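Notes follow once the structure below has been shown.
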Amino acid sequence: MSKGKNILIGITGGIAAYKICELIRLFKKNGANVKVTATPNALHFVTELTLDTLSQEQVYTEQFNTADKKPEHIALCDWADVFLIAPASANTIGKIANGLCDNLLTSLACAFQKQLFIAPAMNTGMYNNPAVQKNIEALKTAGAVIIEPDSGFLACGTSGVGRLSDINKIYNCVEKYFQSNMPLQGKRVVVTAGGTKENIDPVRYIGNYSSGKMGTAVADAAARLGADVTLVKTFDLSRSYETIDVKSAQEMLQAVEKEFLQKNADILIMTAAVADYRPEKCADLKIKKENNETLTIKLVKNPDILKEMSEKKSSNQQVIGFCAESNNLLEYAKAKIQKKGCDYIIANDISSKDTGFSSDYNEVFIINKNLQVTKIDKDTKQNIAMKIMELLYGKN
Ligand SMILES: Cc1cc2nc3c(=O)[nH]c(=O)nc-3n(C[C@H](O)[C@H](O)[C@H](O)COP(=O)(O)O)c2cc1C
């Protein structure tokens with residue numbers, strides 16, 4: 001069940017660090033995407049080269065690397081579905097339990113809002129130390145899953161509790177979490193994303209500023225919740241789930257008819273910005289400037305995909321629309337859900353610079369058929385998408 005999931009593995013400075021090489025292989029073998037972060041002390045026990053090679057990714061150790069304009073502890077938090085710290089040293093457990101962030105791994109743990117797994121491993125004396133036990137209890141209370149250490153022969157030559165839990169047990173614990181958090185398992189979800197392009201001539205089109213980021217985030221979230229996803233999109237993107245490329249509203253309609261109606265998918269989520277109008281005719285040859293001071297292009301109405309699908313869907317299918325407005329957001333959104341007849345409208349305000357179209361952030365309102373409104377506060381588009389899906393379809 002971790003197939004296709006993003007697993008962030010955090011390694012700290014404990015002798016059991018070498019065992020994590022095998023754990024990385026196990027996740028990778030079963031189709032998970034793995035990234036590794038390690039404390040500077042962890043690298044005394046296992047080399048960056050080994051971890052790079054096994055995860056097929058660079059190992060993240062540097063707190064102050066902002067090459068992609070987003071601090072690593074934010075970018076990795078957005079990326080990961082779960083964060084597994086194994087082995088978790090007494091030192092790092094203490095820091096995380098008390099909100100200290102003096103390296104990348106502890107900063108990640110502090111910022112991480114999804115499921116944190118902690119597999120402690122240490123000498124029996126350290127493990128039984130009341131301060132360590134208090135810190136472990138604090139992490140449990142905060143919602144972390146503690147993967148209890150085993151008892152047995154320890155690297156320090158003594159016997160007792162503190163040995164890193166068996167690698168297969170750690171793996172199964174994460175697997176079980178994913179299995180019980182898949183409310184969309186067995187459901188087919190079609191998502192549209194991006195702005196349509198309506199051809200004027202072979203080299204020009206009428207388009208809009210939709211980046212497709214929100215739609216991609218929604219499709220990713222649906223896949224993470226177990227859905228069988230098809231993303232109908234107007235931009236370049238590769239994903240592990242099915243994607244279909246379209247350009248115009250008419251092409252998008254054809255793809256949606258096939259994927260949602262004919263194949264009887266369960267849910268259609270229309271995040272795409274579909275042009276309301278298209279040129280009546282697309283010129284066969286490039287239109288020349290010549291001596292024309294003005295150029296008139298007659299536009300005709302495009303199909304209303306959201307309305308059409310809402311009318312044609314069967315009672316066990318759901319249609320969700322997105323509504324981007326620059327003013328009177330809730331008023332227009334409520335009118336839209338009534339006019340289109342869809343099950344939900346997700347409304348967002350595109351007038352604000354730091355949310356909406358090309359931004360990485362959004363703030364949305366979910367409106368249901370009874371016109372009840374639920375607000376999701378400003379967050380990354382990935383987190384907003386997951387919150388939307390969890391609110392509509394729940395966690396198991
Ligand atoms: C050989 C050796 C083995 C160690 N094994 C462990 C261990 O298994 N668990 C632990 O909590 N600390 C262990 N330590 C101590 C940690 O490395 C030390 O507390 C360090 O500060 C942890 O740093 P980190 O939490 O930032 O990775 C070990 C130290 C050495 C030298």
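In listed order, ligands and their atoms are each counted from 1. Basis for what follows: all heavy atoms, side chains included, without hydrogens, waters or symmetry-related copies. None of these values were measured; they are calculated from a predicted model.
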Checklist entry - With clusters built from Ile, Leu, Val, Met, Phe, Trp and Tyr whose side-chain heavy atoms come within less than 4.5 Å, directly or transitively, what are the remaining members of the cluster of Leu49, listed by chain and number? => result none

Item to check | Set of residues satisfying salt bridge (Lys or Arg N to Asp or Glu O under 4.0 Å) with respect to Lys369, sequence neighbours excluded | outcome: Asp343

Checklist entry - What residues sit with at least one heavy atom under 4.0 Å from ligand 1? => result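 Thr12, Gly13, Gly14, Ile15, Thr39, Asn41, Phe45, Ser89, Ala90, Asn91, Thr92, Ala121, Met122, Met126.
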
Checklist entry - Do Phe45 and Tyr18 pass the ring pair (Phe, Tyr, Trp, His ring centres under 6.0 Å) test, and can you show the C-alpha distance, the side-chain angles, and the key distance before you say yes or no? => result CA-CA 7 Å; Phe45 296 88; Tyr18 75 95; 9.7 Å; no

Next on the checklist: Quick check on Asn327: does its CG atom have over 12 non-hydrogen neighbours (other residues, nucleotides or ligands) under 6.0 Å away?
Outcome noted: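 Atom CG in Asn327 is packed in, count exceeds 12.
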
Would you list the atom pairs, donor with acceptor, under 3.5 Å between side chains in residues 104-122 and any protein atom, with sequence neighbours excluded?
| unit_1 | atom_1 | unit_2 | atom_2 | d |
| --- | --- | --- | --- | --- |
| Thr106 | OG1 | Asp102 | N | 3.1 |
| Thr106 | OG1 | Asp102 | OD1 | 3.3 |
| Thr106 | OG1 | Asn103 | N | 3.1 |
| Thr106 | OG1 | Asn103 | O | 3.1 |
| Thr106 | OG1 | Asn103 | OD1 | 2.9 |
| Ser107 | OG | Gln63 | OE1 | 2.7 |
| Ser107 | OG | Gln63 | NE2 | 3.4 |
| Ser107 | OG | Asn103 | O | 2.9 |
| Lys114 | NZ | Cys77 | O | 2.9 |
| Lys114 | NZ | Asp78 | O | 3.3 |
| Lys114 | NZ | Ala80 | O | 2.7 |
| Gln115 | NE2 | Gly143 | O | 2.9 |

Checklist entry - Taking it one step at a time, do Tyr393 and Gln318 satisfy side-chain contact (heavy atoms from CB on, under 4.5 Å)? => result CA-CA 11 Å; Tyr393 301 107; Gln318 266 193 351; 2.6 Å; yes

